[in-house]
Structure formats: C-alpha cells, structure tokens
Amino acid sequence: MLTFLLWVLLLVFCWPLALLALLLYPLVWLLMLPFRLVGIAVEGVFELLRAIILLPARVLGGRPATR
C-alpha cells in the first residue's frame, strides 16, 4: 500500500518522471533478467560445492548443517 501511495505522490508532483518510470520499468526488468539468471546459477554452484565439501562430515555422523 505504501508503494502505491508513493507512486501517486510521484504522479501528482512530477508526472513526467512518473510516466518515464512507468515506460522504462519493463526495459530495465528485461535488462536485469540475465543477471538474475547468472546469480541463480552461481548460487547453485556454490551450494553444490558446499554440499560436496561437507559430505564427508555428514557421512561420518556430523550434525546436519543449520542456517
């Protein structure tokens, strides 16, 4: 709800900027999409490496990792 109120305030006080933001939002989202996908892939690789490194401890009866 707060986001909507801020949007309305921006529209009232500076409507050209609000319309520009409205038009540019989809383009910015499309430009950021590959970076999000790379971030998801890198996070997956790090989780895999963490699981591989901690596997011997888990096999030998170590406590399960807590976050």
Side-chain angles (χ1 to χ4, degrees):
M1 184 68 178
L2 179 65
T3 306
F4 178 71
L5 291 176
L6 289 174
W7 174 255
V8 170
L9 282 174
L10 180 64
L11 186 62
V12 168
F13 289 117
C14 188
W15 63 268
L17 184 62
L19 291 178
L20 183 66
L22 186 63
L23 292 175
L24 288 180
Y25 181 77
L27 295 174
V28 171
W29 187 85
L30 283 174
L31 287 174
M32 290 180 62
L33 189 59
F35 296 109
R36 290 182 184 184
L37 295 175
V38 168
I40 291 169
V42 169
E43 184 179 348
V45 168
F46 283 146
E47 286 293 324
L48 177 65
L49 288 174
R50 180 176 177 265
I52 290 171
I53 290 171
L54 294 178
L55 181 62
R58 294 184 71 189
V59 169
L60 292 175
R63 291 183 306 204
T66 59
R67 289 186 179 204

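All residue numbers in this chain count up from 1 along the given sequence.
Here Leu17 sits in one hydrophobic cluster together with Trp7, Leu10, Leu22; the rule is ILVMFWY side chains under 4.5 Å apart, joined directly or through other members. Counting Ile, Leu, Val, Met, Phe, Trp and Tyr side chains that sit under 4.5 Å apart, directly or through other members, Ile52 shares a hydrophobic cluster with Leu48. The other residues sharing a hydrophobic cluster with Trp15 are Leu11, Leu19, where clustering joins ILVMFWY side chains under 4.5 Å apart. The hydrophobic side chain of Met1 is isolated, with no ILVMFWY side chain under 4.5 Å apart from it.
For Val42, the side chain to side chain contact (heavy atoms under 4.5 Å, CB included) test picks out Val38, Phe46, with sequence neighbours left out. Take Leu55 and apply the side chain to side chain contact (heavy atoms under 4.5 Å, CB included) test, not counting sequence neighbours, and it matches Val59.
The CG atom of Leu30 sits 10.5 Å away from the OH atom of Tyr25 when rounded to the nearest 0.5 Å.
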